[in-house]
Amino acid sequence: YQRRVRGHFTRDELKAFDGNDKSKPLLLGIHGHVFDVSVAPDHYGPEGGYAGFAGREATRAFFDLCFEDDCLEYAHCIDQLAPGQKSELDTWVKFYMDEPKYPFVGYVNGDNSACATAAEKIAERKERKEREKAEKAAADAAKKADQQ
């Protein structure tokens, strides 16, 4: 690996660049672009606050900050982003493109056929989270009523 070598990565190949192997750079994929974020291991490394972005095409995670496996499986799918999020996506790509400490190193290639089911999975997750929130609110209300 040479720092400024540009290439094409599959989503599976990116997984090797998540910071767990210290001999490899930390790479981050967003909207099909790959950036070397190795200069910021405190942020993007395995213990960093943004570790979920490293070693993957994590476009959706820039908006939902969901790093659970079921979210990351579809993190490259952007069809379900709101129009405002799609324009904000360009801002994120520009941020990395314009930041010299995060050199552009290539592109993410991949099969997007899984995106057809992404909308369904994302909707299921959203419904589950809303249901869990409602159940917690009901339990909290019942607990409060019992205390009175």
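Computed from heavy atoms alone, side chains included, the values below leave out hydrogens, waters and symmetry copies.
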Kindly state whether the ring of His33 and the ring of Tyr96 have centres lying under 6.0 angstrom apart. no
Could you tell me whether Glu68 and Lys129 make a salt bridge, using a distance below 4.0 angstrom between a side-chain N and a carboxylate O? yes
Just how far is it from atom NZ of Lys15 to atom CG of Asn20, taken to the nearest 0.5 Å? 13.0 Å
Pairwise distance CG(Asp18) to CG(Leu28) - rounded to 0.5 angstrom: 12.0 Å
Can you measure from CE (Met97) to CZ (Phe104) and round to the nearest 0.5 angstrom? 5.0 Å
Do other residues, nucleotides or ligands put more than 12 heavy atoms under 6.0 Å from Glu130 CD? yes
Provide the closest heavy-atom pair for Gly29 versus Val108 in the form atom of the first, atom of the second, distance. CA-CG2, 4.5 Å
Would Thr10 and Asp12 satisfy side chain to side chain donor-acceptor pair (under 3.5 Å), going step by step from the backbone distance to the final call? CA-CA 5 Å; Thr10 66; Asp12 282 340; 5.3 Å; no
Going by the angle between their ring planes, with limits at 30° and 60°, are Phe53 and Phe67 parallel, tilted or perpendicular? perpendicular
Write down the atom of Val39, the atom of Lys101, and the distance for their closest heavy-atom approach. CG2-O, 3.3 Å
Could you pull out every donor-acceptor pair under 3.5 Å between side chains of residues 88-95 and any protein atom, sequence neighbours left out?
from, atom 1, to, atom 2, distance (Å)
Lys94, NZ, Asp98, OD2, 2.4

Distance in Å, Phe17 CZ paired with Leu26 CG, rounded so as to fall on 0.5 Å steps: 10.5 Å
Worked verdict on Lys133 versus Lys136 for side-chain contact (heavy atoms from CB on, under 4.5 Å): CA-CA 5 Å; Lys133 184 177 177 181; Lys136 183 181 182 323; 5.8 Å; no
Angle class for the Tyr50/His43 ring planes (parallel below 30°, perpendicular above 60°, tilted otherwise)? tilted
Between Phe9 and Val34, the two heavy atoms sitting closest are CD1-CG2, 3.8 Å
From His76 NE2 over to Leu14 CG, what is the distance, rounded to the nearest 0.5 angstrom? 12.0 Å
For Tyr44 and Tyr102, take the angle between the two ring planes, folded into 0 to 90°, and tell me which bin it lands in: parallel under 30, tilted 30 to 60, perpendicular over 60. perpendicular
When you check the side-chain N and O atoms of Glu57 and Thr59, is any donor under 3.5 Å from an acceptor? yes
Spacing of CZ belonging to Arg60 relative to SG belonging to Cys66, to within rounding of 0.5 Å: 9.5 Å
